[in-house]
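Owing to the predicted nature of the structure, the values given are computational and were not obtained by experimental measurement. Atom set for the values below is all heavy atoms of this structure, side chains included, hydrogens, waters and symmetry mates excluded. Sequence lines set the chain letters: A, B, ... in the order given, protein chains first and strands last, and positions in each chain run from 1.
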Amino acid sequence: MEKVYDQTKVEPKWYDIWEKAGYFQPEINPEGKPYTIILPPPNANAPLHFGHALYTVEDILIRYHRMKGEAALWLPGSDHAGFETQVVFEKHLEKTGKSRFDFDRETLYKMIWDFVQANKGTMEGQLRKLGFSVDWSREKFTLDPDIVKVVYKTFKKLFNDGLAYRGLRLVNYCTRHGTSFSDLEVIYEDRTTPLYYIKYGPLTLATVRLETKFGDTAVAVHPDDKRYQKYIGETLSIETVLGPAKIKVIADKAVDPNFGTGVIKVTPAHAPIDFEIGQRHNLEIRQVIGFDGRLNEKAGKFAGMRVKEARKAIAVEMQEKGLIEKMDENYKNRVGVCYKCGTEIEPLPLEQWFLKMDGLAKTAIEAVNGERSRTIKIVPKNWETTYFNWLENLKDWNISRQIVWGMQIPAWRCIKCSEVKSQKSKVKTTTKSSKLNNTIWIVTEGEKPEKCPDCGSAQLEQDPDVFDTWFSSGQWPFATLQSTKPEDFDKFYPTSVMETGYDILLFWVARMVMLGIYITGKIPFKDILLHGKVLDPLGKKMSKSKGNVVDPIEIANLYGADALRMALMYGNAFGHDQALSHPKLQAMRNFTNKLWNIGRFIIDFAPEDAKHLNPTAVILGRDPVSKYGVNSATTPESTNHTDSGLTTFARMTGKNEDDKQILEKLSQTIKTVTKALDSYRFHDGSDALYEFIWHEFADKYIESTKDRRAQAQPVLEYVFRTSLELLHPFMPFITEELWQKLPHEGKTIMVTKWPNNINT
RNA sequence: GGAGUUGUAGCUCAGUUGGUUAGAGCGCCUCAUUUACACUGAGGAGGUCACAGGUUCGAGUCCUGUCAACUCCACCA
């Protein structure tokens with residue numbers, strides 16, 4: 001062995017050996033009880049980012065349970081990441097001077113497909129590099145045909161149950177990207193925006209959105225507002241920039257009498273609250289801003305202008321006409337923006353597919369708060385509050401996206417029937433009429449229907465939209481297990497643990513709980529573990545725009561994957577954010593070198609006649625033959641380290657005090673690490689191992705054996721080998737390398753038995 | 001507007017149900033000088049546990065309040 005540990009010579013060689021031997025598959029422990037983790041599928045559009053290195057937590061759990069003899073399945077996959085990927089690809093297109101509008105749907109889809117396949121390969125190689133023992137034979141991609149089939153089936157069931165419906169609502173729309181978003185995807189920014197007090201006949205009202213005034217279909221006040229009682233129900237004649245107009249005054253309790261003058265204009269097509277007021281009062285939805293972000297013909301001479309431009313022009317003109325009473329320049333408000341490009345989100349009326357959430361949310365609440373027989377535990381527990389709070393106030397979920405990259409929604413519209421029905425509900429579009437729209441949609445499990453069941457027409461048109469990515473990934477646990485191997489679902493579902501970042505608790509985890517229970521009747525996982533973010537060395541969030549992203553693979557190349565994994569666990573309470581720390585990485589790299597040199601001492605520097613023994617047998621006092629109570633060739637019974645040897649060792653000849661102590665401390669460490677892993681306190685485990693191996697075993701015990709080396713050899717080997725086994729889930733590569741050099745039974749540390757103590 | 005997290009050594013962080021002199025890694029100081037390992041070993045300095053009250057025989061830990069940093073949810077017309 002070389003004097004200094006060189007991870008580049010050790011780490012690359014083991015992964016293939018493990019994989020080819022089938023150790024990553026649960027079948028290696030056919031009798032074991034199932035233990036399942038579904039890998040949160042990384043986006044297939046990019047290499048891994050640093051957060052993915054925290055898959056270490058899952059690998060630790062999987063390796064631990066595998067060593068405990070369980071049928072441990074860690075199922076890998078990747079996510080097509082619909083909108084995210086399309087944005088990445090569009091940027092990529094931009095560099096070549098093209099845009100997505102230069103291609104038809106099929107071509108674009110094919111191009112993104114190829115792009116994703118290439119990245120997927122990179123990403124898979126990176127997971128291997130980090131030592132993650134996922135079962136590649138069961139790998140899935142969210143756009144695999146069998147996954148798509150499952151998702152379509154779910155949608156059809158939702159549709160049949162009345163939980164998926166086509167509705168006209170105000171949706172969050174990015175006019176730059178040309179698609180709508182769910183509420184969760186909108187981010188809000190604080191802005192200072194001028195607030196105009198404008199005159200509507202005898203009334204004055206405050207608004208920032210002058211440009212939507214052409215879509216006003218009422219003026220509203222609070223029903224109890226004494227100032228305006230006499231106007232309620234009246235129709236006012238008002239002067240506008242487009243000439244005289246008439247507008248009705250209504251009363252609605254959604255109006256805050258303390259805002260502005262207590263009077264608001266109601267623009268159902270362009271403001272969520274106004275939309276609701278409009279629904280209650282049966283107001284017309286008059287859209288004046290188009291999906292291109294420009295005012296339409298209803299804005300008269302302002303037609304064609306972008307929203308901001310129009311706002312300015314209108315302000316100037318109103319000022320001239322004396323229609324602006326005053327202006328508050330320092331009004332602070334919050335504006336929703338696209339989380340990708342920062343464009344202001346326009347609330348626009350659009351027919352989309354929505355999921356009715358209240359019932360689904362209720363089951364998801366019950367699954368965590370203990371009202372269902374099988375309860376989900378969230379670790380750290382404080383996230384329960386966030387989870388409940390969101391689910392309790394959930395609005396219906398818009399699952400339609402106007403992009404091509406994703407699963408096209410399996411819904412067809414009969415062109416004939418829709419023409420007839422749209423004439424019936426011509427002017428006003430209300431909730432009632434949008435419900436009516438359900439009837440013109442034919443939903444299937446993916447196959448194109450031959451004809452309309454109502455009129456028999458074969459002129460059917462598929463909804464061009466695709467599902468929100470989270471709708472499909474929300475089905476990932478059962479969708480994967482239903483499409484890998486025939487027995488998998490029955491055996492491995494519900495899964496054991498869902499481990500992911502707290503930032504997608506609502507986006508993803510909560511939706512998996514809802515959809516999982518809805519489809520299977522069972523919770524999708526028993527424990528939810530939420531890890532923190534990995535921040536840059538200065539404690540700032542890593543982001544491409546800040547240019548402070550660190551590539552985990554580079555770090556692994558520099559310090560070793562083992563050191564990286566250990567550094568992420570060591571000294572950091574699970575669930576907390578942590579800054580990437582080079583000193584800590586260095587310390588863990590040093591730790592690998594320490595391990596290596598302990599190995600060198602025990603193996604290369606062993607006295608000739610004490611080599612190649614069976615340490616376990618010696619310690620257990622089961623080998624009566626040799627000089628030290630040792631003969632390697634014959635072991636009376638198979639070694640069994642379910643007994644740490646502690647009590648048995650006490651009966652041994654010699655009974656060296658140091659031997660006894662180190663075995664006792666080893667026994668303690670086994671307990672600590674086992675308990676730590678069972679309770680998801682990973683740093684307790686890594687800290688205990690580091691402390692024991694370095695400061696107890698190496699610094700004290702090994703030093704103490706130097707003048708009685710041969711006698712201590714079995715204990716040295718035994719304690720070291722057991723330590724490696726405990727450490728293996730954390731640092732798989734070096735532990736395997738050293739374990740192989742020590743006397744051992746079995747082929748690999750990966751599937752050796754977890755040290756199991758408990759005899760004191 | 002609602003909720004959560006964090007504040008402990010110079011830096012980065014542990015400290016689960018309250019219980020001896022508050023710990024680790026890195027850094028710093030002294031010593032060892034080729035030892036299995038210098039990616040080393042032995043020893044050491046360094047803390048008003050954010051602040052103010054309270055509960056308790058006993059509080060870094062529990063309660064109340066204050067300050068500071070960060071995050072999430074709702075969403076303002």
- Separation between CD (A:Q7) and CG (A:L558), nearest 0.5 Å, reads 8.5 Å
- Query: A:F720 has an atom CZ; how far is it from atom P of B:A36, in whole Å?
  - Reply: 15 Å
- Message: In this structure, how many angstroms lie between the P atom of B:G25 and the CE atom of A:M569, rounded?
- Response: 19 Å
- Message: Check whether A:Y196 forms a cation-pi arrangement with A:R209 (NZ or CZ under 6.0 Å from the six-membered ring centre, at most 45° off the ring normal).
- Response: no
- Spacing of A:M566 atom CE relative to B:A24 atom C1', expressed in whole Å: 12 Å
- Distance between the P atoms of B:G23 and B:C28, in whole angstroms? 23 Å
- A:V4 has a side chain; which of B:G15, B:C37, B:C39 sits nearest to it? B:C39
- Measure the distance from CZ on A:F692 to P on B:G23 and round it to the nearest whole Å. 21 Å
- Message: Taking side-chain contact (heavy atoms from CB on, under 4.5 Å) as the definition, give me every residue that meets it alongside A:S543, ordered by chain and number, with sequence neighbours left out.
- Response: A:S545, A:K546, A:N548
- Query: Which of residues 195-219 of chain A have a heavy atom under 4.0 Å from RNA chain B?
  - Reply: A:T207, A:V208
- Does a nitrogen or oxygen in the side chain of A:R589 sit under 4.0 Å from OP1 or OP2 of B:C39? no
- Task: Between B:C73, B:G25, B:G15, spot the one nearest the side chain of A:Y690, thanks.
- Result: B:G25
Please tabulate the protein-to-nucleotide N/O contacts below 3.5 Å involving nucleotides 2-12 of chain B, giving atom names and distances.
unit_1: B:G4; atom_1: O2'; unit_2: A:N382; atom_2: ND2; d: 3.2

- Item | A:Y188 side chain near B:C76 phosphate (N/O to OP1/OP2, under 4.0 Å) | no
- Roughly, in whole Å, what's the span from CG in A:L564 to P in B:C39? 21 Å
- Task: Taking only the side-chain heavy atoms of A:E703 (C-beta and beyond), determine which of B:A14, B:C37, B:A77 contains the nearest atom.
- Result: B:C37
- Please indicate whether A:K356 has more than 12 foreign heavy atoms, meaning atoms of other residues, nucleotides or ligands, lying under 6.0 Å from its NZ. no
- Message: Categorize A:A573 for me: base, sugar-phosphate, or nothing, with a 4.0 angstrom heavy-atom threshold over every strand shown.
- Response: sugar-phosphate
- Message: Just to be sure I understand the rule, does A:L505 reach a base, reach only the sugar-phosphate, or reach nothing, if contact means heavy atoms closer than 4.0 Å?
- Response: nothing
- Polar side chain donor-acceptor pair, A:H695 to A:D699, under 3.5 angstrom: yes
- Query: Under a 4.0 Å N-O cut-off, is there an ion pair linking A:K700 with A:E696?
  - Reply: yes
- Task: Could you pull out all residues at least two apart from A:H582 that satisfy side-chain contact (heavy atoms from CB on, under 4.5 Å)?
- Result: A:P537, A:I555, A:Y559, A:L585
- Task: Sticking with atom C1', work out how far B:U8 lies from B:G60, rounded to a whole angstrom.
- Result: 7 Å
- Message: Check this one for me: any side-chain N or O of A:R191 less than 4.0 Å away from OP1 or OP2 of B:C76?
- Response: no
Close N/O contacts between protein and nucleotides 42-45 of chain B (under 3.5 Å):
none

- Query: In terms of side-chain heavy atoms of A:K395, which of B:C75, B:A77, B:A14 is nearest?
  - Reply: B:C75
- Would you mind telling me which of B:A36, B:A74, B:A14 lies closest to the side-chain atoms of A:R334? B:A74
- Here the helical stems involving RNA chain B, each at least 3 consecutive Watson-Crick or G-U pairs closer than 3.5 Å, sorted by first residue number, are B:1-7 with B:67-73, B:10-13 with B:23-26, B:28-32 with B:40-44, B:50-54 with B:62-66
- B:G41 P sits how many Å from A:K706 NZ, rounded? 11 Å
- Message: Between P on B:A36 and CD1 on A:I603, what's the gap in Å once rounded to a whole number?
- Response: 15 Å
- Note on the structure: A:Y570 has its side chain closest, among B:C76, B:C73, B:A24, to B:A24
- Task: Give the rounded distance in Å between these two atoms: CZ of A:F591 and P of B:U40.
- Result: 12 Å
